[in-house]
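Please read the structure below before turning to the comments.
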Protein chains: 2
Amino acid sequence: MTEWRQYSELQLDPVLRAALEAFVDTGYHGATVRDIARRAGLSVPGIYHHYATKQDMLLGILDITMDDLLARSRAAKEEGAGDPVRSFALLVECLVLFHCYRRDAAFIGSSEMRSLEPANRTRIAALRTAQQRLIDAEVDEAARSGRFQVAYPHDAARAAATMCIAVPSWYRIGHESTPEQVAERYVDFALGLMHYAGPRPV
Amino acid sequence: MTEWRQYSELQLDPVLRAALEAFVDTGYHGATVRDIARRAGLSVPGIYHHYATKQDMLLGILDITMDDLLARSRAAKEEGAGDPVRSFALLVECLVLFHCYRRDAAFIGSSEMRSLEPANRTRIAALRTAQQRLIDAEVDEAARSGRFQVAYPHDAARAAATMCIAVPSWYRIGHESTPEQVAERYVDFALGLMHYAGPRPV
DNA sequence: GACCATACCGAACGCTCGCTCGGTAGCAAG
DNA sequence: CTTGCTACCGAGCGAGCGTTCGGTATGGTC
């Protein structure tokens, strides 16, 4: 994954695609297997031929989504290797692009964590923690070298991440701004939040 | 509401208190009326003596919560009247304190909007829009006078608000930081996000 | 003492839920 | 031309859902 800015349609089989639509509309508990089947153009047993339980559908969506995000984030971070301010800016850009282009999946990823059974939640939560640590590491280093003037680096990193994660709550494709425009603005917001005073690194 | 920084236990009757607990644990659709009844120490018909439907319980919680937030926000804004930077800072402080002290109710307020029936959603959404407009107005004015160096004031205001609204996703009372400490840090983050360079106004 | 409103409850109604049973249709391999 | 595999479906199971019915107990009013 070197082209982390490049997005084509998310690769989901028809069942997961239908499940994702249903979960976005009514939430995991509110979505019925009959509704998912109708959206997929299948019967209810047709759905169960592919996935053993509704829980497995949620888990499948979240696994694919988090793998995609982590791969892109690692590539973005790599692009700025050696310069923590630049790496941080690229991570924010990546996070916003992802939450615009993968809006539905990203939205489910943050809103339906609690609908996972404990063992599944533990696994997915670990992926989300890994994602946050990528950001924390760059902020820590930029703060240590004095380029970010921030007294509580982890709090600041979390604040920056959460404002990106909230993007799907208001953005959708077709919005007056493109994902690239939103990402550019959010990089600027995030650097400001860190009280970064130098030149914009992206 | 002049003492918008003061918090005592949220005034909810036993049924709404139980419903709020249940909604936080499993979400609106995942919570059952039997579960709410058990938490309230009542039978199922006992619950229906007080509220006609489960939907009315969600609506009651959201109404009380949004009224509380809006009253506090208007008071906070008033305290900085005449100085938009100060008003904005007070609004952010108020928003963070609220999302710490009223964590559960605030969490439901942002996560269960989609579980409201259309007519109810419209009403509550209007309250949330009013809340956002309070912030927008101050950011607009601070940007117009050049004290906030931000090219897209509404995007910046939304970014600032969403990072505050996300606080309940990680904070709970008993956290190593007090609500007042979190609020102070977030005011600093929000002002940085606006590229504010002057003295801290709070 | 009759009346009424408030605050509840045991039992159950009709429905929908996640999920399964016992199939069929199509197709490739032997 | 049988066998076996994949991809499905009509019908329905048992459980649990939101909600309701027909009560009872309590306490205040005239």
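Chain identifiers are assigned alphabetically (A, B, ...) following the order of the sequence lines, protein sequences preceding nucleic acid strands; residue numbering begins at 1 within each chain.
A salt bridge links R39(A) with D25(A): at least one charged nitrogen is closer than 4.0 Å to a carboxylate oxygen. Between D188(B) and R185(B), none of the side-chain N atoms (NZ, or NE/NH1/NH2) sits under 4.0 Å from a carboxylate O, so this pair counts as no salt bridge. Between E79(A) and R5(A) a salt bridge is recorded (basic side-chain N to carboxylate O distance below 4.0 Å).
One interatomic measurement links the two molecules: NE2 of H49(A) to P of dG23(C), which rounds to 18 Å at whole-angstrom precision. At whole-Å resolution of the value, CG in L42(A) and P in dC19(C) are 16 Å apart. To the nearest angstrom, P of dG18(C) lies 17 Å from OH of Y51(A). When rounded to the nearest whole Å, the span between CD1 of I47(A) and P of dC19(C) equals 12 Å.
Side chains of E93(B) and Y186(B): no donor on one and acceptor on the other come within 3.5 Å.
Looking at heavy atoms from C-beta onward, R103(A) lies out of side-chain contact with I108(A) at the 4.5 angstrom threshold. Side-chain contact between V182(A) and L97(A) is absent, with no heavy-atom pair separated by less than 4.5 Å. Under the 4.5 Å side-chain criterion, counting only non-hydrogen atoms from C-beta, D83(A) is in contact with R147(A).
DNA chain D is contacted by A31(B), T32(B), V33(B), R34(B) of residues 26-39 of chain B, taking any non-hydrogen atom closer than 4.0 Å. Contacts of residues 9-20 of chain A with DNA chain C (heavy atom under 4.0 Å): none.
Heavy-atom minimum distance, Y51(B) versus V15(B): CD1-CG1, 3.7 Å.
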For R17(A) and D13(A): C-alpha separation, side-chain torsions, deciding distance, then whether salt bridge (charged side-chain N to carboxylate O under 4.0 Å, His left out) applies. CA-CA 6 Å; R17(A) 195 180 304 273; D13(A) 64 61; over 6 Å; no
Starting from the C-alpha separation in whole Å, work towards a yes-or-no answer on ring pair (Phe, Tyr, Trp, His ring centres under 6.0 Å) for Y196(A) and F88(A). CA-CA 11 Å; Y196(A) 172 74; F88(A) 170 76; 9.3 Å; no
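W170(A) and H175(A) have perpendicular rings, their planes meeting at more than 60° on a 0 to 90° scale where under 30° would count as parallel.
With a cutoff of under 4.0 Å to any heavy atom of chain B, the contacted region of DNA chain D is bounded 5' to 3' by dC17(D) to dC21(D).
Residue order along DNA chain D, read from the 5' end via each residue's closest nucleotide, puts P45(A) first among M57(B) and P45(A).
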